[in-house]
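The chains referred to below are lettered A, B, ... by the order of the sequence lines, with proteins before strands, and numbering in each begins at 1.
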There are 2 protein chains.
Amino acid sequence: MSDDDSFVLDPRLAADSHFIADGPLSQLRLVDDGRYDWLALVPRVPGAVEWFDLDAGQQQRLFEEVRAVAAALRAGTRCEKLNIGALGNIVRQLHVHVVARNPVDPAWPGPVWGASALRRMSDAERDAAVGRWRGALASLSPA
Amino acid sequence: MSDDDSFVLDPRLAADSHFIADGPLSQLRLVDDGRYDWLALVPRVPGAVEWFDLDAGQQQRLFEEVRAVAAALRAGTRCEKLNIGALGNIVRQLHVHVVARNPVDPAWPGPVWGASALRRMSDAERDAAVGRWRGALASLSPA
């Protein structure tokens with residue numbers, strides 16, 4: 001599949017998350033839930049649904065991006081556990097979640113997906129979190 | 001981390017799933033829930049918790065194994081969607097779930113993890129499913 005200008009972010013992903021940065025393949029977004037440090041990668045590949053439907057190079061790039069996001073989340077949160085998931089049952093556009101989890105978070109030890117409605121961030125929370133993760137993941141951006 | 005003879009499967013994983021095959025890095029297991037086609041890969045690396053704590057070669061081998069399992073699940077089930085997840089909030093031993101999902105399954109469109117108690121297979125169901133996936137994934141085994 002081609003990685004080109006015809007990529008359009010799914011409207012539900014757009015409504016439920018905030019732009020952080022563009023990586024080599026994917027758009028990095030912050031999920032709009034103040035209870036978690038929760039990032040998502042959305043490959044800019046029109047029509048992509050399953051990770052393994054990407055071409056081999058794209059699969060690998062996404063894997064490298066997930067690794068970078070996981071490392072930043074762990075370094076920035078000292079979480080107890082990382083959760084990585086590619087589900088897509090509700091939104092088909094391929095996206096990979098990377099979530100920092102802790103025993104005190106409201107969904108623990110269950111998954112965050114489907115656990116409860118998002119607890120939307122205030123504008124100030126959002127700006128702080130976007131700024132924080134944009135800084136931490138500056139290295140993800142293409143040179 | 002070393003991939004050696006001191007690997008011991010977590011007792012909860014052992015109780016909740018059945019051995020299918022050993023891949024190059026991971027033990028492939030069938031989760032004991034007759035409502036889903038649900039496989040899990042458990043790298044035979046003592047002490048492994050997070051995917052990105054494996055050494056670089058192991059990370060890549062696990063990724064290749066997940067790809068092979070995803071391809072077999074899709075070919076064997078014609079599922080609507082694959083769900084791939086590495087959570088580990090309950091069982092810390094590193095394991096990656098690959099699940100074939102369909103709109104008629106009981107957890108749809110939510111995740112299978114934590115949705116409800118496992119619906120254990122009968123002996124006959126288990127034998128049939130283990131045989132089926134062992135055949136489909138024979139290529140995963142080391143030569």
Side-chain angles (χ1 to χ4, degrees), chain A residues 12 36 41 48-56 58-75 78-117, chain B residues 12 36 41 48-56 58-75 78-117:
Chain A
R12 181 151 177 172
Y36 305 98
L41 287 156
V49 172
E50 299 284 1
W51 195 325
F52 299 112
D53 287 339
L54 299 175
D55 72 32
Q58 291 167 339
Q59 290 180 28
Q60 194 63 42
R61 279 198 290 284
L62 178 54
F63 186 64
E64 300 296 339
E65 289 174 334
V66 170
R67 173 166 30 207
V69 169
L73 266 182
R74 186 156 57 174
R78 299 185 185 155
C79 57
E80 171 80 11
K81 192 67 193 67
L82 292 166
N83 285 184
I84 299 170
L87 290 87
N89 304 334
I90 295 172
V91 170
R92 283 296 189 284
Q93 182 172 66
L94 176 59
H95 58 288
V96 180
H97 301 271
V98 189
V99 195
R101 301 299 309 278
N102 283 295
V104 296
D105 76 40
W108 184 270
V112 293
W113 309 294
S116 61
Chain B
R12 180 151 178 173
Y36 305 98
L41 286 156
V49 172
E50 300 284 1
W51 196 324
F52 300 111
D53 287 339
L54 298 175
D55 72 34
Q58 292 167 338
Q59 290 181 27
Q60 195 62 42
R61 280 198 290 285
L62 179 55
F63 186 64
E64 301 295 339
E65 289 175 332
V66 170
R67 170 163 38 204
V69 169
L73 266 182
R74 185 155 58 174
R78 299 184 186 156
C79 57
E80 171 79 10
K81 192 67 194 62
L82 292 166
N83 284 185
I84 299 170
L87 290 87
N89 305 334
I90 295 172
V91 171
R92 283 296 187 286
Q93 183 172 63
L94 176 60
H95 58 289
V96 180
H97 301 270
V98 190
V99 195
R101 302 299 310 278
N102 283 294
V104 295
D105 76 40
W108 185 270
V112 294
W113 309 293
S116 61

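In this structure, A/F52 and B/V66 have side chains that are in contact, with non-hydrogen atoms separated by less than 4.5 Å.
Checked by atom type and distance alone, the side chain of A/K81 pairs as donor or acceptor with a backbone atom of B/L87 at under 3.5 Å.
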Test salt bridge (Lys or Arg N to Asp or Glu O under 4.0 Å) on A/R67 and B/E50; report intermediate values, then the result. CA-CA 11 Å; A/R67 173 166 30 207; B/E50 300 284 1; over 6 Å; no
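Contacts with chain B were tallied for A/P103, A/G88, A/A70; A/G88 has the most, counting heavy-atom pairs under 4.5 Å. When the candidates A/P111, A/G114, A/A115 are compared by the number of heavy-atom contacts under 4.5 Å with chain B, A/P111 comes out ahead.
Nearest heavy atoms, A/F63 versus B/Q59: CZ-O, 3.6 Å. Pairing each heavy atom of A/R101 with each of B/N89, the nearest pair is NH1-ND2, 3.3 Å.
Both the backbone and the side chain of A/A86 come within less than 4.5 Å of a heavy atom of chain B. Only the side chain of A/W108 comes within contact range of chain B, judged by heavy atoms closer than 4.5 Å.
By the neighbour-count criterion of 12 heavy atoms within 6.0 Å, atom CZ of B/R12 is sparsely surrounded, having that number or fewer from other residues, nucleotides or ligands.
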